[in-house]
Amino acid sequence: MFPLMRGVVLLTAFVTGAQSTIADEGDHHSGEMRMLGDCSGCVIHDADYSDARLAGIDFTGAELTGVRFDRASMSIAVFDGATLDGLSFEGANLQGASFVETHLRNVSFQDADLEGAVFENAVLSETDLYVAELCKTQLPDDQMVTRDCN
C-alpha cells in the first residue's frame, strides 16, 4: 500500500516555462520547474505559475515571495508552516487547501475558491479572505464561514 500524506495522495504536476529560482535543502535550480509535487521547504521568488495544475502540491514550510498562482488548480494543496509574501491566488481553485500556521503577508485571494480551506492559527497581514468564495472555510480564529455555500 502506498503511504498517504495528511490523508491525500499528492499529485505530481508538470509546469513549463516558469522563470524562478528554487532552493530545496541547499540545492539551487533556475529556469524551468519540472515535476513539482513535493516542494516542502522550497524557496521560490518571483515566479509565475498562473493557470498551472498543482493539485495536491506540498509547500509545507516553504518560503514563497512574489509568486503568481492566478487561476491555478491547487485543490488540496498544503502550505502548513509556510511563509507567503506578495502572492497572488486570483481566481485559483484552493478547495480543501491547508494553511495551518502559515504566515501570509500581502496575499491576494480575489475570486479564489476557498471551499473547505483551513487557515487554523494562520497569521494574516494585508490579506483579505473575504474577497474569495468562502464555503466551509475555517478562518484563523476557528470561525467556520459558509457564506458562499449553495
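Just so we're clear, the structure is a prediction, and the values are computed from it rather than from any experiment. Keep in mind that the numbers below use all heavy atoms, side chains included, and drop hydrogens, waters and symmetry copies.
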Can you pull the disulfide (SG to SG under 2.5 Å) pairs that have at least one residue in [range], sequence neighbours excluded?
{"range": "residues 49-131", "result": "none"}
{"range": "residues 86-140", "result": "C135-C149"}
{"range": "residues 51-85", "result": "none"}
{"range": "residues 59-130", "result": "none"}

Listed partners of S108 passing side chain to side chain contact (heavy atoms under 4.5 Å, CB included), at least two apart: S88, E90, Q110
Residues in side chain to side chain contact (heavy atoms under 4.5 Å, CB included) contact with A132, at least two apart in sequence or another chain: F109, A112, L114, L134
With sequence neighbours excluded, residues passing salt bridge (charged side-chain N to carboxylate O under 4.0 Å, His left out) with R71: D51
Holding to side chain to side chain donor-acceptor pair (under 3.5 Å), I want the full list of residues that pass it with [X], two or more places apart in sequence or in another chain.
{"X": "S50", "answer": "D48"}
{"X": "D128", "answer": "none"}
{"X": "D142", "answer": "Q138"}

Side chain to side chain contact (heavy atoms under 4.5 Å, CB included) partner of F69, the single match among V107, L64, N93: L64
ring-ring contact (aromatic ring centres under 6.0 Å, His included) contacts in which one or both residues fall within residues 130-150, not counting sequence neighbours: none
Pairs involving residues 111-121, ordered by first then second residue, that meet side-chain hydrogen bond (donor to acceptor under 3.5 Å, both in side chains) (sequence neighbours left out): Q95-D113
